[in-house]
Amino acid sequence: MPSIRAPSSKQITTLSVVVKCRPLTGKERQRSRDIVRVIDDKEVIILDPDLSKDYLERVQNRTKEKKYHFDYAFGPDSTNFDVYKTSISSKIAGVIQGLNATVFAYGSTGSGKTYTMVGTQHDPGLMVLSLHTIFDLIKLDDSSDDFEVTCSYLEVYNEVIYDLLEKSSGHLELREDPEQGTIVAGIRSIKVHSQTSSMIMFGIIGVSMPLSE
Ligand SMILES: Nc1ncnc2c1ncn2[C@@H]1O[C@H](COP(=O)(O)OP(=O)(O)OP(=O)(O)O)[C@@H](O)[C@H]1O
């Protein structure tokens, strides 16, 4: 009978929030000042964009400078692999053992969501790195399980769903997933079937607020 194997190490935290601050583009550098400072691997300071604030205003805490804490913070020199290694790779091991996982990139237009999730040939993104690990772990698995990996890649734009792997398929409808009992929409997911069935879902959620014109 199918059974879920307990993960080798039980994690207390199941949700982590990670920030990745991309470098300014050439255009942005010409027009504005970089006001984001990743000061260590967990803390980010957003400087007050108003340079004219004087010393007194700063010491009296009348600037708009803000400090934010995250589970992990990555600066402009970080690669997608740095993000992957620290915050995603352990989740992938769980997926092979029958656990589900979700990885969402959230941010405004142009903030680097697609770059982080898909990446480039020289800096492969989290989805690509995860797929490599899934196949590496399946190769290393010494149980008698047979694995089947299926993949879907969908986009929801203005409430219409597109299958990005099958461009000629036209619009897709929202539907119930009989296995998971959930609505399938707006997800880029990889399913791993062995004795058990698990799913890792990658999402890119954009907020239409351009960072720069
Ligand atoms: N870490 C990075 N290093 C270098 N360039 C980056 C990095 N992250 C993002 N960029 C660049 O920033 C620009 C915007 O990134 P991207 O297209 O990933 O944003 P997005 O959040 O997916 O935008 P949209 O919501 O409009 O699709 C691109 O030119 C991309 O190459």
Side-chain angles (χ1 to χ4, degrees), residues 9 11-95 101-133 155-157 186-188 190 200-213:
S9 63
Q11 281 188 309
I12 296 166
T13 311
T14 52
L15 175 76
S16 25
V17 181
V18 175
V19 67
K20 184 164 179 262
C21 305
R22 70 158 169 78
L24 293 187
T25 62
K27 224 174 176 183
E28 286 166 339
R29 229 173 314 210
Q30 282 169 9
R31 291 176 183 197
S32 45
R33 189 165 68 97
D34 190 358
I35 57 166
V36 179
R37 298 283 179 277
V38 178
I39 54 170
D40 62 27
D41 61 353
K42 289 187 191 302
E43 243 169 24
V44 176
I45 290 184
I46 310 295
L47 304 176
D48 191 329
D50 184 359
L51 268 176
S52 66
K53 293 263 167 75
D54 65 14
Y55 176 75
L56 195 61
E57 283 179 299
R58 275 189 269 131
V59 293
Q60 288 177 340
N61 219 7
R62 281 190 283 156
T63 74
K64 288 185 190 150
E65 190 170 300
K66 295 261 189 288
K67 194 189 261 187
Y68 298 93
H69 287 259
F70 298 89
D71 292 303
Y72 301 105
F74 294 91
D77 296 329
S78 307
T79 62
N80 286 327
F81 185 70
D82 294 328
V83 179
Y84 174 78
K85 205 172 41 182
T86 319
S87 43
I88 314 284
S89 60
S90 60
K91 313 280 184 288
I92 308 298
V95 172
T102 305
V103 181
F104 274 108
Y106 174 82
S108 53
T109 301
S111 58
K113 303 177 295 294
T114 310
Y115 186 96
T116 304
M117 299 300 260
V118 182
T120 62
Q121 207 150 14
H122 297 296
D123 189 12
L126 304 185
M127 292 189 333
V128 178
L129 295 167
S130 301
L131 259 178
H132 280 302
T133 307
E155 176 177 44
V156 181
Y157 188 73
I187 55 169
R188 295 154 192 209
I190 297 162
I200 180 159
M201 219 193 287
F202 293 91
I204 299 183
I205 306 179
V207 188
S208 60
M209 182 182 66
L211 289 178
S212 56
E213 303 269 284

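We use all heavy atoms of the structure for the numbers below, so side chains are in, but hydrogens, waters and symmetry mates are not.
The line from CG of Leu47 to CZ of Arg37 is 5.0 Å long, rounded to the nearest 0.5 Å. With rounding to the nearest 0.5 Å, the separation of CG in Asp41 from CZ in Phe74 is 8.0 Å. For the atom pair Ile46 CD1 and Lys66 NZ, the distance stands at 10.5 Å (nearest 0.5 Å). Separating the NZ atom in Lys91 from the OH atom in Tyr84 is a distance of 11.0 Å, to the nearest 0.5 Å.
Nearest heavy-atom pair across Lys113 and Ile204 is CB-CG2, 3.6 Å. What you find for Ser108 and Ser111 is that their closest heavy atoms are O-OG, 2.7 Å. Among all heavy-atom pairs drawn from Ala101 and Val95, the shortest one is CB-CG2, 3.9 Å. Residues Ser16 and Asp71 come closest through the heavy atom pair CA-OD2, 3.1 Å. Closest non-hydrogen pair, Asn80 versus Pro124, comes out as CB-O, 3.1 Å. Residues Ala73 and Glu43 approach most closely at CB-N, 4.0 Å, considering heavy atoms.
Proximity of a side-chain donor or acceptor of Glu28 to a complementary backbone N or O of Thr25 within less than 3.5 Å is detected.
Residues Thr116 and Arg22 have side chains not in contact (no heavy-atom distance under 4.5 Å, counting atoms from C-beta outward). Lys20 has its side chain out of reach of Ser87: every pair of non-hydrogen atoms, C-beta onward, lies at least 4.5 Å apart. Side-chain contact between Tyr115 and Thr120: present, with at least one pair of heavy atoms (C-beta onward) separated by less than 4.5 Å.
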**Message:** Please evaluate residues Thr133 and Ser89 with respect to the criterion side chain to side chain contact (heavy atoms under 4.5 Å, CB included), reporting the C-alpha separation (whole Å), side-chain torsions for both, the decisive distance (0.1 Å), and the verdict.
**Reply:** CA-CA 8 Å; Thr133 307; Ser89 60; 5.7 Å; no
**Leu129 vs Ile88, side chain to side chain contact (heavy atoms under 4.5 Å, CB included): CA-CA, chis, key distance, verdict** = CA-CA 9 Å; Leu129 295 167; Ile88 314 284; over 6 Å; no
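Under the rule for a side-chain hydrogen bond (donor to acceptor under 3.5 Å, both in side chains), Tyr72 has no partner lying at least two apart in sequence or in another chain. The salt bridge (Lys or Arg N to Asp or Glu O under 4.0 Å) test applied to Lys42 returns no partner, not counting sequence neighbours.
Residue His122 places its NE2 atom among 12 or fewer non-hydrogen atoms of other residues, nucleotides or ligands, all under 6.0 Å distant.
Using modelled atom types and a 3.5 Å distance limit, the side chains of Thr79 and Asp82 yield a donor-acceptor pair.
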